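All figures in this text were calculated on a predicted structure; none of them were measured in a lab.
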Amino acid sequence: MFNFLQTEQDNYFSWEMLGDIENGRQNLGGDVPVFIYRLFEYTLKAELTKQFGAKKAEEIFRNAGTIAGREFATHMLDLSLPSSQFFEHLQTVLSQHGIGILRFEQYHEETGHIILTISEDLDCSGLPITGTTVCNYDEGFLKGILDSYTKHNYFVQEIDCWATGSRVCRFDAKIVNEE
């Protein structure tokens, strides 16, 4: 029997917690409308903000995204590919699963610095303009993927967002000093 409160990992999550979706949803399938995802995401973020403040809620979302990105990379991506093939593979997998359309604007192999965009982003495309970036979960998700692939510790920050008036989410990803 699987215990949801105890896993072999320190992050209290394992891929098996997702269950057997194909068997469990034989009639409805695994697809859910984006508005349902966002309803869950933004009501959860609202409650976390109410209880802990905006900065802590953003940190929690970023950390959860990092866990998800690592698990996604481990279970859904081929981490053995050379970087050019891996980045193409990542673009394909994110698109196939409706997460977004990924484009790499800059990649400096020597430093690991990456600037990338995601259009039709699951989290924010179509949101009203608020003047602030909102894709904290995506920051963590991308960090988790990059950490897993490169074996380096990345810091990922959203610098443009649909909610700031941009038509894409743009992320700046840098390797954190690993002394």
Side-chain angles (χ1 to χ4, degrees), residues 2 4-5 7 9 11-77 89-104 116-149 154 156-171 173:
F2 186 79
F4 277 89
L5 299 178
T7 68
Q9 300 172 350
N11 63 21
Y12 301 97
F13 177 82
S14 73
W15 193 257
E16 292 76 27
M17 292 173 96
L18 300 178
D20 184 347
I21 296 168
E22 190 174 306
N23 185 43
R25 291 180 51 99
Q26 293 178 13
N27 296 307
L28 295 176
D31 294 336
V32 176
V34 172
F35 86 91
I36 295 295
Y37 169 83
R38 288 185 185 176
L39 183 65
F40 173 76
E41 177 182 16
Y42 287 113
T43 56
L44 180 60
K45 194 171 192 179
E47 185 59 24
L48 289 170
T49 300
K50 183 172 93 176
Q51 289 192 29
F52 303 111
K55 291 290 183 207
K56 188 65 174 179
E58 290 171 5
E59 177 187 342
I60 291 168
F61 263 72
R62 204 172 285 112
N63 291 345
T66 300
I67 295 167
R70 286 181 184 141
E71 291 289 325
F72 185 85
T74 299
H75 295 279
M76 301 295 293
L77 299 172
H89 172 59
L90 177 58
Q91 288 173 313
T92 300
V93 172
L94 293 180
S95 180
Q96 285 174 339
H97 291 285
I99 295 169
I101 300 168
L102 177 67
R103 298 286 180 258
F104 289 89
L116 55 93
T117 63
I118 302 178
S119 59
E120 297 188 38
D121 187 333
L122 185 60
D123 284 350
C124 75
S125 294
L127 287 182
I129 295 174
T130 62
T132 59
T133 59
V134 298
C135 299
N136 312 114
Y137 184 85
D138 288 353
E139 290 171 330
F141 188 73
L142 292 168
K143 172 188 172 28
I145 290 170
L146 293 172
D147 288 358
S148 295
Y149 177 68
Y154 267 83
V156 178
Q157 182 175 21
E158 185 179 29
I159 54 177
D160 287 318
C161 181
W162 190 287
T164 64
S166 184
R167 299 291 290 187
V168 297
C169 294
R170 182 170 284 107
F171 298 89

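Residues L94 and F141 meet the side-chain proximity criterion, which asks for heavy atoms closer than 4.5 Å. When side chains are defined from C-beta on, I159 does not count as touching T133, because their heavy atoms never get closer than 4.5 Å. Annotation: side chain of L18 is in contact with side chain of F13 (closest heavy-atom distance under 4.5 Å). With contacts defined as side-chain heavy-atom distances shorter than 4.5 Å, the pair F72/L77 qualifies. A 4.5 Å side-chain heavy-atom check between Q26 and N23 finds at least one atom pair inside the cut-off. The closest side-chain heavy-atom distance from R167 to W162 is below 4.5 Å. Between F61 and L48 there is a side-chain heavy-atom pair separated by less than 4.5 Å. Two residues are said to be in side-chain contact when any heavy atoms from C-beta on lie closer than 4.5 Å; Q91 and R103 meet this criterion.
Nearest approach of D123 to E41, heavy atoms of both residues: OD1-OE1, 3.1 Å. Minimum interatomic distance between Y137 and A68 (heavy atoms only, all atoms of both residues): OH-CB, 3.0 Å. Contact between L146 and A173 at its shortest, heavy atoms only, is CD1-CB, 3.7 Å. Listed here is the closest heavy atom pair of Y42 and L127: OH-CD1, 3.5 Å. Residues D147 and R70 share a closest heavy-atom pair of OD2-NH2, 3.4 Å. Contact record, A163 with V134: CB-CG1, 4.0 Å, taken as the closest heavy-atom pair.
Within a 6.0 Å radius of CG in D20, more than 12 heavy atoms belonging to other residues, nucleotides or ligands are found. E22 CD: 12 or fewer foreign heavy atoms inside a 6.0 Å radius. Within 6.0 Å of CZ in F40 there are 12 or fewer heavy atoms belonging to other residues, nucleotides or ligands.
Classified by interplanar angle (parallel below 30°, tilted 30° to 60°, perpendicular above 60°), the ring pair W15/H75 is parallel.
Side chain of E158 to main chain of C135: a donor-acceptor pair is present (N/O by atom type, distance under 3.5 Å, no hydrogens or angles). Listed for the R38 side chain is no donor-acceptor partner under 3.5 Å among the backbone atoms of P33.
Expressed to the nearest 0.5 Å, how far OG1 of T92 lies from NE2 of H97 amounts to 10.5 Å. Taking SG of C161 as the reference point, atom CD1 of I129 lies at 10.0 Å (rounded to 0.5 Å). Atom-to-atom distance recorded for K45:NZ and E58:CD is 5.5 Å, nearest 0.5 angstrom. A distance of 9.0 Å separates CG in D31 from CZ in R25, rounded to the nearest 0.5 Å. Taken from CD in Q51 to CD1 in I60, the straight-line distance is 9.0 Å, to the nearest 0.5 Å. Taken from CG in D138 to CG in D121, the straight-line distance is 4.5 Å, to the nearest 0.5 Å.
Not counting sequence neighbours, the partners of K50 by the salt bridge (charged side-chain N to carboxylate O under 4.0 Å, His left out) test are E47. With sequence neighbours excluded, no residue satisfies side chain to side chain contact (heavy atoms under 4.5 Å, CB included) with P128. Under the rule for a side chain to side chain contact (heavy atoms under 4.5 Å, CB included), the partners of S119 that lie at least two apart in sequence or sit in another chain are I101, V168.
Residues T164 and S166 have side chains that never bring a donor and an acceptor to within less than 3.5 angstrom of each other.
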